[in-house]
Every structure is written in C-alpha cells, then in structure tokens.
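First up is the structure itself, then whatever we jot down about it.
Worth saying up front: this structure is predicted, and the values here are computed from it rather than measured.
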Amino acid sequence: MTYELALSYLASLNESRIRPGLGRIREALKALGSPHFNFPHVLVGGTNGKGSVVSFMGAALSCAGYRVGLFTSPHLIKFEERIVVDSHAVTRDELPGLLQEVKDVGVDMTYFEFATVLALLYFARQKVDLAIFEVGLGGRWDATNVTSPVLSVITSVDLDHKNWLGNTLEDVAREKSGIMRKGRSVVVGPVGRAAREVILQEAEAAGARVVLFGRDFSADRDINGSSLQFEGMKWSINRLVPGLAGLFQLDNAACALAALEELSVSGFEMVYEKVVLGIESTKWQGRFQEFEGSPPIIVDAAHNPAAVKALTDSLGHEKEVVWLISALRDKDFGAMAEEMIRLGNRFVLVALDHPRGKTVQELEEEMPEGADIIKAPTVKQGLDTARSLAGGKGRIVVAGSVVLAGEVLKELEVAEEEKRRRGDGEKDD
C-alpha cells in the first residue's frame, strides 16, 4: 500500500461518522495482540484545552528524559500530526504498512477508532515509556477509553456536541467523567460549580481520587497576565511563561503541571526545572498562533462559544480586528459570533471544503446585528480580503473551526514557500 492509498482509505472511513461504543476497537486490538497493554497511558478529556494540556505534558516529560507518545485530534494539515513520538510524527513511509496491518484485521471501525488503533500499535512498536491520549468526543464511549489510564485529566466542561453529550453541563460532565478509574487520580481543571459537583459524585462512585483546581492546585497570573504562578501539592513555580500564547493557556499549563505532579509521585521521576523547561518550550499549531507581518495574523482553532470567549479575553483591547471565520454545521456559530463582535464588527465569511461545513449563506443568517460582512467563496480569497480590510493597522484573527485553522495554515505555508523560492531566485541572479 502506498502513502496516497493509505490516506484514501482513511478518507473512505468518513471522519464525520460517530458510533459510540468500545466493542469494535476492543476486537481489533485483541486481534493485534493487545498492544495497548505494553505501556502506561494518560487520558486527557474536556471541552476545551485538552490538546494543549497533552502538548504541555508531552514536552515536559520529553525534557525529563522519557520517551513519550502523543495522540491528538483532529489534525490541522496532515493526518500524521495525530500520532507523535518525542516530537516526531509517524512518517509517510511508516504509515502505509501500519494501516495495512490494522485494515487486515477486518473489523469495521470508524475513522477515529481506526486512528486510535494505529496510535496504540505504533506506540507499542516504538516502545514508549508513556502515551498521552486526547479524548475525542465525551469520554465514556470514546475510542481512547479502551485504555486503562494511570491518570486522567478533565480540563474543562462546557456545552458542545449536544446531540451526543447532552444539553446541560451536568450531562456533559457525566460523560467526561467516564475516563476515571478506580484507585487512580483524576486532575480536574477550572470547571463550573454544576459540573464540579457531578464530577465529584462520579469520582466517588468510581473510586477515583480527585485533584481539584482551586483546592489542590492553583494558577495565578502576574499583573500583566503574561506569566503563571503555580501552587501545587508538590511544586511551587513562579513566573512561568508557557510556550503557548493566550491567557487561557495559563490554566491549561496549570492542569498539565498538576497532572505531572501526580505522575512524579507514582513512579515517573522528574525535577521541576526540566518540567518548567518543557512547559516554556511547548509548541502547538493553531492555538493562538501568531504570524508577524502587515497585517499580523492570529490563527486559533476555537470552535465553540467558550473557546471563542477565551480567545477574545486573551486579545484584550485589541483594536482594528478583522475576523476571518467559518464553522461546521453542528456548532453554535451564532453564539461564537456574538463573542467575536465585542472586539470588532468586520467579518469575512468563508465556506469550508468539508462535508459538514456551513455555507456562507448559512453563516450570514446567524450573524449578530451590527456585523459588517463580506463573503468569500474560498479560504484563499477570504484571507486576501481580510488582508485588504486590515491594511497596515489592523490584525486578522482566524477562528470558528479547526478545519478553517488548518486551511489558513496551509495557505500561509504555501505563501511562505513561494516567498522563499523568490528569494532563492534573486540570489541565483
């Protein structure tokens, strides 16, 4: 099987298809010799922030000398981004053979289940010391929950994926609590009161030990909001500047540090100086990612109202914002736009090359009053339009969809490559 055929097969599984349950993935893993029994796992769930927490933890553990596997989703540009060992993604040479092996098992799995099995098999082959998995949807019936985590993390609880997780914060919290395990710790980030009560009840029923934000660990910002003071049960760290920008990343970094503390007292030895180095050097595409230029651009994968609010809070009193936005059909786009308009009423709406993407007409219908709207048929044209609107004084902010963030990053990557080629050509002359 070639790399192109591997990607084609994955696409045929339909990334949008969701079939809750663990029976299929258990069957596939058993046929492969149960590779997930060969190394310990951490599960990171939550509505927002889970990918960032995975990245923070992975970077810190790598700095501490451990061989770490990371499984995240969705990818922004290439599928290989989802499966990483020590900052190196599974290669295009490795992926086809791995995929063929899983395909030959003959179990009818969803896209996400298949990807999870690929990661578990790859991490076993790579002999990782630990693997950290970002939960896909909810927790209880998510494919990643087939593992037996030594530690679980719930970063946040907000409304999203209502068709699957429920219409209340209590419902969502109950589903996410399904990743807890008896006799193991669960680190719980800054969740609201209603969700916290459900999580505590579920933890007691499961026999899990809760490490709670605001009770067992805390995150305070300095006067400028740029650095973090972390107080945990083991470490006290001042003036920590996470490698990921945005005020919301301070809470994510604190969750990661609390989780790392738990690992450090359960056999994963590490000194906090190495942990700090890892947190401060963390990189994660599409999360408040800044690009210099005229105009400057911020690309953020915020795709629900809570994430967009965190984004606008981080932007602060930013002037002359031009929004480049889109969304998938199962997202509360109207509520996201209401948050965005607080910082600027100029919007460029674009359609996504995705089966669940909203059309520009559907986006326009959900826009709040007072929005100054321009519609663009493609992401490239939308980016060009936003640049024109922002001029030399404004800033473009990309938000609303992980898919949009990925497409914009592709465009910026292509533009940068063209610029390099032009520069090389000038030198040759």
Reported [atom1]-to-[atom2] distance for the pair [X] and [Y], which is rounded to 0.5 angstrom:
X	Y	atom1	atom2	answer
Leu118	Glu80	CG	CD	11.0 Å
Met367	Asp372	CE	CG	9.5 Å
Leu98	Leu121	CG	CG	5.0 Å
Ile279	Cys63	CD1	SG	9.0 Å
Leu151	Arg181	CG	CZ	11.5 Å
His354	Leu328	NE2	CG	5.5 Å

Closest heavy-atom pair and its distance - Ala245, Glu290: CB-OE2, 3.9 Å
Exercise: identify the closest heavy-atom pair between Met180 and Ala208: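 So the minimum-distance heavy-atom pair works out to CB-CB, 4.0 Å.
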Residue pairs involving residues 184-194 (criterion side-chain hydrogen bond (donor to acceptor under 3.5 Å, both in side chains); sequence neighbours excluded):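 Qualifying pairs, neighbours excluded: Ser185-Arg209, Ser185-Glu262.
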Side-chain atoms of residues 401-411: list all donor-acceptor pairs with protein atoms under 3.5 Å, sequence neighbours left out, distances to 0.1 Å.
{"unit_1": "Ser401", "atom_1": "OG", "unit_2": "Val403", "atom_2": "N", "d": "3.0"}
{"unit_1": "Ser401", "atom_1": "OG", "unit_2": "Leu404", "atom_2": "N", "d": "3.3"}

Ion pair check, Lys393 and Glu320, cut-off under 4.0 Å: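 No, no charged N to carboxylate O under 4.0 Å.
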Glu202/Lys176 salt bridge by N-O under 4.0 Å criterion: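 Not counted as a salt bridge, because no side-chain N and carboxylate O are separated by less than 4.0 Å.
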Asn38 and Arg125 side chains, donor-acceptor separation under 3.5 Å: no
Distance-only donor-acceptor check, side chains Ser52 and Arg287, under 3.5 Å: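 No - no donor-acceptor pair under 3.5 Å links their side chains.
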Among all residues two or more places apart in sequence or in another chain, which pass the ring-ring contact (aromatic ring centres under 6.0 Å, His included) test with [X]?
X	answer
Tyr122	none
Tyr66	Phe268
Phe114	Tyr9
Phe71	Phe112, Phe133

Flag yes if more than 12 heavy atoms outside [X] fall under 6.0 Å of its [atom1] atom; otherwise flag no.
X	atom1	result
Glu292	CD	no
Lys127	NZ	no
Trp235	CH2	yes

Stepwise side-chain contact (heavy atoms from CB on, under 4.5 Å) check, Glu113 with Leu22: CA-CA 9 Å; Glu113 288 168 342; Leu22 301 176; over 6 Å; no
CA sep, side-chain torsions, deciding dist, call: Ile132, Val53, side-chain contact (heavy atoms from CB on, under 4.5 Å): CA-CA 10 Å; Ile132 309 173; Val53 171; over 6 Å; no
